[in-house]
Amino acid sequence: MILAAGLGTRLQPLTYTIPKPMMPLCNRPLIAWLIDSLVDAGVRDIVVNLHHLPEAIERSLPPLFPDVHFEFSYEPEILGTGGGVRKIRALLQGEEDFFLLNGDTFQQPRYDELRRQRRERDALAALTLRHPPEGDRYTPVWHEDGLVTGFGSGRGEALMFSGSHCISRRIFRLFPERDAFGIVQEIYQPLLQQEPIAAVIDDGPWFDIGTPRRYLAASRALCGDQIVGARSVVEGEVRDSVIWDDCFIARGVALDSCIVAHGVEMRAPMRLRNALICRDDPAIPRDSAQRLEGGLVFVSI
C-alpha cells in the first residue's frame, strides 16, 4: 500500500492543481519511482489511498504500469496511516504480511530484508531506519540489536524512520475501533513492550519531497542542476532549476533555483530567483500567490 492522500500544503500553489505524488521528479511522477521499486521486488498488487485530486492519480497509474493490479481507496476525510490501512483491511489481511510506503518520498527500500527481519523475529513490523540528513529535524527512533527500543527516547542508537514498513497481518487485531488514527503513534509506540518491532538500517538514496527546497535538492541529487521536461523550450538563462513539461522560457528571462510547472510560458523579460511559478487557475486562491503578466502566479521559496 502506498499512502498518497496528503494535501501537499507546503508545495502550494503547485498542489492546488496537481497532487504531490504526481509531481515530476526527473521527468517521472514521484509515485512512479516507488512503484518501480515495488515492481522490481516482484510486487504486482498495489493499493493507493487517495484524497486530494484523486482522479489524476487513478487515471495516470494503470497506463504507466499495465502489469500491475491497482486498487484505489478514496478517503473523503484523511484517515491517517492506521485508518487508511484499516479501511482496506479486506485487501491485505489474506497475506502473511504487506508493505506500507509513504507516497511523498523517494526511496528504494530493501523489501526482501524488511520481510526477512519481520518474519525471523516474528515482529509486528519491520521499519526502515536511516541516519538523518545533516541539519534536518526528525523524531528519533532508537534501535539496538536489530529491534526498535523507542520512539522519541530509548536505548542504543537514534536514527530516523524513512517511511517504509513490512507489517504483519496480526496488526488488524490491534487496531482501535475508529476510522482515523496513526500506526506509529497509536499502535507501535504503546505496544512496543508487548510486540517487537524490527529495524532495518538503510542509508541508500532517500528524499523527502515535502517542500520546494527539498524537491529541488532531490532533483539536483538525482538528475543534476537543470531538468527540462517534455516539449519544453528554454531560450533564456536558466540555472539550478526544474522546468516541467510544455513550457517556454524566452530570451530575456533569467531563472535561478526555480520550479516551473507544466505549461508555463514566460515571454516577457524578467529575473526570478528562488521562486515557484505556475499558470493561474481558478483553484488557486487570489491571496495565496503573486501574479505575473501572461496569466502566471509565483511564490518565493
Side-chain angles (χ1 to χ4, degrees), residues 1-6 19-23 25 28-76 78-120 122-128 161-175 179-184 187-188 197-198 200 202 204 206:
M1 180 176 185
I2 298 176
L3 299 168
K20 182 164 63 172
M22 293 304 299
M23 286 178 52
L25 180 64
R28 188 163 177 76
L30 172 60
I31 194 172
W33 292 94
L34 279 178
I35 297 171
D36 285 339
S37 72
L38 286 164
V39 169
D40 289 345
V43 175
R44 293 295 182 271
D45 297 283
I46 298 176
V47 184
V48 183
N49 73 335
L50 307 172
H51 173 75
H52 176 57
L53 302 175
E55 297 86 358
I57 300 175
E58 193 169 2
R59 180 180 65 248
S60 299
L61 292 185
L64 284 175
F65 298 95
D67 295 330
V68 172
H69 172 72
F70 287 100
E71 295 278 357
F72 296 98
S73 175
Y74 176 65
E75 299 177 9
I78 295 177
L79 301 178
T81 53
V85 171
R86 182 180 182 272
K87 183 175 186 288
I88 51 92
R89 63 186 302 166
L91 298 174
L92 300 176
Q93 63 188 0
E95 304 290 336
E96 181 179 351
D97 43 30
F98 59 94
F99 299 112
L100 183 66
L101 306 173
N102 288 355
D104 60 355
T105 58
F106 174 93
Q107 57 178 308
Q108 297 170 318
R110 296 160 56 197
Y111 297 105
D112 287 346
E113 185 66 9
L114 281 170
R115 182 169 50 200
R116 186 178 72 83
Q117 290 292 338
R118 195 216 64 76
R119 292 183 179 182
E120 287 185 358
D122 193 27
L124 179 63
L127 311 186
T128 301
F161 175 42
S162 72
S164 55
H165 344 212
C166 180
I167 304 175
S168 167
R169 67 182 173 190
R170 72 174 181 269
I171 200 169
F172 293 109
R173 303 198 303 265
L174 306 173
F175 280 168
D179 292 334
F181 60 95
I183 280 184
V184 172
I187 304 296
Y188 294 165
I197 306 290
V200 173
D202 183 4
W206 179 92

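In this structure, the side-chain hydrogen bond (donor to acceptor under 3.5 Å, both in side chains) partners of R115, at least two apart in sequence or on a different chain, are D112. Remark: R86 pairs with E177, D179 by the salt bridge (charged side-chain N to carboxylate O under 4.0 Å, His left out) rule, at least two apart or across chains. A search for salt bridge (charged side-chain N to carboxylate O under 4.0 Å, His left out) contacts involving R169 returns nothing, not counting sequence neighbours. Every residue meeting the side-chain hydrogen bond (donor to acceptor under 3.5 Å, both in side chains) condition with S164, not counting sequence neighbours, appears here in chain and number order: Q107, T128. Residues satisfying the side-chain hydrogen bond (donor to acceptor under 3.5 Å, both in side chains) criterion with S168, sequence neighbours excluded, are absent altogether. Taking the ring-ring contact (aromatic ring centres under 6.0 Å, His included) definition, one finds that W206 meets it with nothing, sequence neighbours left out. The ring-ring contact (aromatic ring centres under 6.0 Å, His included) search around Y74 returns none, not counting sequence neighbours.
Shown here for L25 and W33, the closest heavy-atom pair between the two residues is O-NE1, 2.9 Å.
L3 pairs with exactly one of D104, T81, L79 by the side-chain contact (heavy atoms from CB on, under 4.5 Å) rule, that one being T81.
I2 is listed as a side-chain neighbour of L38, based on a closest heavy-atom distance under 4.5 Å. Side-chain contact between P109 and L114: present, with at least one pair of heavy atoms (C-beta onward) separated by less than 4.5 Å. Here the side chains of V47 and F98 are not in contact, with every heavy-atom distance at 4.5 Å or above. Put simply, the side chain of Y188 reaches to within 4.5 Å of the side chain of L127, judged on heavy atoms. Within the 4.5 Å cutoff, side-chain heavy atoms of I35 are placed close to those of V39.
Applying the side-chain hydrogen bond (donor to acceptor under 3.5 Å, both in side chains) definition to pairs two or more places apart or across chains, those involving residues 40-52 are N49-E75. Residue pairs meeting the salt bridge (Lys or Arg N to Asp or Glu O under 4.0 Å) criterion with at least one partner in residues 28-38, sequence neighbours excluded, are R28-D36. Applying the side-chain hydrogen bond (donor to acceptor under 3.5 Å, both in side chains) rule to pairs touching residues 87-102 yields S73-K87, R89-Q93, E96-R118, D97-R118, D97-R119, sequence neighbours excluded.
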(request) Using the side-chain contact (heavy atoms from CB on, under 4.5 Å) rule, take I167 and L92 through it: C-alpha gap first, then chi angles, then the decisive distance, then the call. (result) CA-CA 10 Å; I167 304 175; L92 300 176; over 6 Å; no
(message) Show, in sequence, the C-alpha distance, side-chain angles and deciding distance for L124 and L174, and conclude whether the side-chain contact (heavy atoms from CB on, under 4.5 Å) test is met.
(response) CA-CA 10 Å; L124 179 63; L174 306 173; 3.8 Å; yes
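Distance check: L30 CG to M22 CE gives 9.5 Å after rounding to the nearest 0.5 Å. To the nearest 0.5 Å, atoms CG (L34) and CD (Q108) are separated by 9.0 Å. In this structure, CG in L50 is found 6.5 Å from CZ in F72, a value given to the nearest 0.5 Å.
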May I have the list of side-chain donor-acceptor pairs in residues 53-69 shorter than 3.5 Å, sequence neighbours left out?
from	atom 1	to	atom 2	distance (Å)
S60	OG	A56	O	2.7
H69	NE2	E71	OE2	3.1

